[in-house]
Colleague: 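Below are the structure tokens for one structure; questions will follow.
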Amino acid sequence: MSLLVTGKIQVLPEDVSCRIAAGEVVERPASVVKELIDNSLDAASSLITIEVEEGGRRLIRVTDNGTGMNRDDAQLAYQRFATSKLQTEQDLFSLSTLGFRGEALPSIASVSRFRLKTIPSESPVGTDTNSEGGTAWDIQDYAGAPGTQVEIRDLFFNTPGRLKFLKTVGTEFSKISYTVQQAATTNPHIHFRLLHHNHKVLDYPAVSTFQDRIIQIYGPTFLDRFLTLSQTEGPFQLTGFTVSPHYAKASRTPQEIFVNGRPVKNTTITHAIYEGYKSFLPKGKHPQFIVCIQLDPQTLDINVHPTKREVRFSHPEVLHSGMLHAIKQIFFSGSSFEINPQEAVREHGAVQPHIPTTKSTIPSLAVAPASVSECAPTKGNRNATHLSLFAQEPTSTYTAQSQKFHVFPLGQIHQTYLLGHINQDLYIVDQHTAHERVIFERLLQAWSRKDLSQQGLLIPEPIELLPHQGALLEEWLPVLAQVGLEIDRFGSRSYVVRSVPAILGSVTVGPLILELLEELSEWKSTDSLETLIRPILASMACQSAVQAGRTMTLPEISTLLHDWAQESFPMTCPHGRRVAIRHSLEELNTLFARTSES
Ligand code: ADP
Ligand code: MG
């Protein structure tokens with residue numbers, strides 16, 4: 001009798017392993033679009049059309065007029081690790097193509113209903129081939145214009161687990177639109193078109209320069225706000241644009257990095273740019289930039305991740321210092337832009353953003369400085385409140401929810417923390433987070449009571465958005481309307497905000513909308529209304545709460561402390577940051593080793 005136990009390991013069937021591997025390349029419809037555009041670019045196309053239905057779930061069709069494939073190649077193309085772009089491992093370090101792994105088409109085909117029509121320019125007959133889930137390929141002759149068309153229907157139809165992770169149609173489409181925009185940015189000579197449900201969303205005809213393409217994408221005023229980066233000597237070539245500090249915003253759009261034509265995420269470059277800006281940036285603002293770096297492929301590892309969104313440099317320190325130098329030079333060169341860092345700080349409020357430092361009247365606190373979102377990097381909720389305060393006596397007694405509070409405002413430290421004596425206790429309160437929490441609670445209560453009154457803006461505020469941002473915003477306009485944000489489309493890339501919740505006072509809506517867009521991109525259509533609305537209310541609260549760095553008068557302090565007490569002394573803001581430190585009389589007595597009799 002054999003003592004051997006049957007082994008547990010088995011080799012997975014090809015179709016299963018292919019679907020699992022596909023997970024790395026095909027995360028969502030936008031990843032399909034990226035891979036197909038890369039292939040069309042590698043095939044020397046001059047016109048690439050992307051048609052999409054239902055945010056890419058139902059249909060993605062990419063048509064190009066490139067080199068096409070002959071019958072043999074077309075049949076090989078959908079096999080794993082079949083590529084025309086490299087032959088040896090060493091070729092990885094001299095590549096001029098975007099693709100090289102030979103796994104995009106088979107991966108996509110394994111999780112979709114896939115059809116490829118292709119015809120090379122010298123041939124009268126092309127190939128039309130299709131499959132369901134990457135198996136049993138059907139092949140036929142095809143006649144048509146030279147080039148290739150890849151059609152993906154019902155993405156993830158055979159992997160329902162992945163379908164679940166897709167976001168709403170608007171969100172998925174927004175990601176597709178962004179992908180097309182990125183490809184268009186570095187390929188000005190190529191005409192890109194993007195259609196959603198046959199409706200043209202992007203159309204960038206071929207232009208002769210990078211600058212022209214930037215204007216097509218970002219609009220004609222872009223060049224007024226951005227400084228030109230250009231470096232032709234040294235270990236890498238650099239072209240691009242970086243925002244003039246005057247125009248820096250709280251938003252991180254655009255922050256685009258292209259290395260040898262690939263859009264990538266890279267902390268070395270991003271860090272160098274932030275370092276370069278340092279004191280030029282007002283607090284809470286970010287640099288916006290579009291940076292194209294060209295370097296010797298021998299010094300670059302592009303095979304870090306299947307999506308090819310990351311690269312590794314053989315000498316990151318050289319790149320970091322070169323980038324830092326390029327950014328600093330633009331500020332100090334005296335050519336296009338001259339500014340003294342101290343002046344920048346003073347003028348643009350790096351220490352203290354546009355906030356009146358004189359004793360304020362009521363509206364100025366309610367309205368306060370929406371330029372900076374203190375909580376922006378953290379996800380979650382935020383909040384703020386309309387301070388109804390200032391007619392109060394500095395020392396007062398309030399009755400709220402059958403509770404009496406004796407509030408003695410003591411003062412403000414570093415224009416950030418409030419000192420107050422409430423009932424028997426001493427409090428040190430962060431003015432921003434406390435105000436934020438109060439506004440949040442009041443917004444939430446008003447919304448739950450269906451009593452969130454709107455207030456029309458005296459001058460409706462226009463906001464310029466990129467197409468992918470607009471797609472996202474439009475999808476959620478009805479929900480935003482429910483929280484008092486009335487926004488209309490106004491021209492091809494502009495929106496106008498007509499009203500905001502009255503509780504917010506006169507918040508500056510531009511930064512608020514940009515911050516909301518970050519929240520919206522995470523939304524799923526299955527989320528409950530309250531789940532959706534909480535982070536919006538939190539963003540609103542954060543944007544309209546009084547910021548750190550703002551001098552507050554005693555009556556203002558008194559009112560804020562009272563409002564906060566009235567909300568039952570919440571100790572965190574909606575994003576989880578601490579609001580206050582409390583010392584009771586007993587704790588003080590213990591600290592000072594004082595017994596109650598002594
Ligand atoms: P990779 O791009 O990494 O080589 P893919 O799976 O994306 O791998 O494509 C496999 C091969 O199919 C490519 O190497 C190329 O030869 C061919 N191919 C794919 N798309 C196109 C296209 N649009 N035009 C011409 N050839 C294409
Ligand atoms: Mg490819």
Side-chain angles (χ1 to χ4, degrees), residues 14 17-19 21-27 30-51 60-89 91-112 114-123 125-131 134 137 139 142 144-152 155 179-180 182-183 187 190-193 260-263 297 301-309 311:
E14 171 81 14
S17 63
C18 200
R19 276 203 299 276
E24 289 191 309
V25 186
V26 190
E27 190 199 341
S31 10
V32 172
V33 170
K34 177 196 175 285
E35 292 295 338
L36 298 182
I37 292 179
D38 279 1
N39 282 346
S40 297
L41 290 170
D42 286 344
S45 313
S46 61
L47 169 64
I48 303 176
T49 304
I50 302 103
E51 295 162 271
I60 298 168
R61 187 188 294 128
V62 176
T63 311
D64 68 43
N65 61 353
T67 54
M69 286 173 262
N70 65 26
R71 177 74 46 98
D72 289 346
D73 282 350
Q75 283 176 270
L76 272 175
Y78 49 75
Q79 291 185 27
R80 280 186 84 191
F81 309 123
T83 178
S84 58
K85 299 171 192 174
L86 53 72
Q87 284 171 0
T88 70
E89 208 182 325
D91 293 345
L92 267 181
F93 296 95
S94 55
L95 272 186
S96 58
T97 54
L98 294 165
F100 55 86
R101 295 175 61 103
E103 58 184 354
L105 293 188
S107 297
I108 297 166
S110 73
V111 291
S112 67
F114 182 100
R115 183 166 190 184
L116 169 81
K117 291 190 219 168
T118 184
I119 180 161
S121 47
E122 69 278 10
S123 165
V125 185
T127 306
D128 179 349
T129 173
N130 67 79
S131 88
W137 290 83
I139 297 178
Y142 165 69
T148 302
Q149 180 177 86
V150 181
E151 194 175 272
I152 311 300
L155 184 66
T179 302
V180 177
Q182 279 191 317
N187 294 285
I190 297 169
H191 184 173
F192 285 86
R193 290 189 303 197
N260 288 4
R262 290 170 198 285
D301 184 359
I302 46 179
N303 191 22
V304 181
H305 190 267
T307 58
K308 297 163 274 177
R309 289 279 187 200
V311 286

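When a ligand or atom number is given, it counts from 1 through the structure's own listing order.
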Colleague: Distance to 0.1 Å, residue and atom name: give those for the protein heavy atom nearest to atom 22 (C) of ligand 1.
Modeller: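 Looking at atom 22 (C) of ligand 1, the protein heavy atom closest to it is Thr148 OG1, 3.7 Å.
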Colleague: At a 4.0 Å threshold, what atoms of ligand 1 neighbour a non-hydrogen atom of Pro106?
Modeller: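 Listed by number with element, the hits are 6 (O).
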Colleague: If the plane angle is over 60° it's perpendicular, under 30° parallel, otherwise tilted; pick one for Phe114 and Trp137.
Modeller: perpendicular
Colleague: Which one of Arg71, Lys117, Arg115 satisfies the salt bridge (charged side-chain N to carboxylate O under 4.0 Å, His left out) criterion with Asp128?
Modeller: Arg115
Colleague: How far is atom 10 (C) of ligand 1 from its nearest protein heavy atom, and which residue and atom is that?
Modeller: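 Result for atom 10 (C) of ligand 1: Ala82 O, 3.5 Å.
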Colleague: Within the distance-only criterion (no hydrogens, no angle test), does the side chain of Asp42 pair as donor or acceptor with the backbone N or O of Gly99 below 3.5 angstrom?
Modeller: yes
Colleague: Which atoms from ligand 1 have a heavy atom of Gly99 less than 4.0 Å away?
Modeller: 2 (O), 3 (O)
Colleague: With respect to Asn39, determine whether any N or O atom, backbone or side chain, lies less than 3.5 Å from an N or O atom of ligand 1.
Modeller: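 It does: an N or O of Asn39 is found under 3.5 Å from an N or O of ligand 1.
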Colleague: What protein heavy atom sits nearest atom 17 (C) of ligand 1, and how far away is it?
Modeller: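 For atom 17 (C) of ligand 1, the nearest protein heavy atom comes out as Met69 SD, 3.6 Å.
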Colleague: Relative to ligand 1, is Glu103 under 4.0 angstrom through side chain, backbone, both or neither, heavy atoms considered?
Modeller: backbone
Colleague: Where does Asp64 meet ligand 1, judged by heavy-atom distances below 4.0 Å: at the side chain, the backbone, both, or neither?
Modeller: side chain
Colleague: Can you tell me which residue and heavy atom of the protein come closest to atom 25 (C) of ligand 1, and the distance to 0.1 Å?
Modeller: Ala43 CB, 3.6 Å
Colleague: Would you mind telling me which of Thr148, Ile50, Ile108, Thr63 makes a side chain to side chain contact (heavy atoms under 4.5 Å, CB included) with Leu36?
Modeller: Ile108
Colleague: What atoms in ligand 1 come closer than 4.0 Å to a heavy atom of Ala77?
Modeller: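 Answer, ordered by atom number: 10 (C), 12 (O).
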Colleague: Taking it one step at a time, do Asn187 and Leu41 satisfy side chain to side chain contact (heavy atoms under 4.5 Å, CB included)?
Modeller: CA-CA 9 Å; Asn187 294 285; Leu41 290 170; 3.6 Å; yes
Colleague: I need the contact type for Thr83 against ligand 1. Using non-hydrogen atoms and a strict under-4.0 Å cut-off, is it side chain, backbone, both or neither?
Modeller: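 Both backbone and side chain.
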Colleague: Is Thr83 close enough to the Mg ion (ligand 2) that one of its N, O or S atoms comes in under 2.8 Å?
Modeller: no
Colleague: Does Val25 form a side chain to side chain contact (heavy atoms under 4.5 Å, CB included) with Glu103? I'd like the steps, not just the answer.
Modeller: CA-CA 8 Å; Val25 186; Glu103 58 184 354; 4.1 Å; yes
Colleague: What protein heavy atom lies closest to atom 8 (O) of ligand 1? Include the residue and the distance to one decimal.
Modeller: Gly102 CA, 3.2 Å
Colleague: Examine the proximity of ligand 1 to Tyr78 and report which part, side chain or backbone, both or neither, has a heavy atom under 4.0 Å away.
Modeller: neither
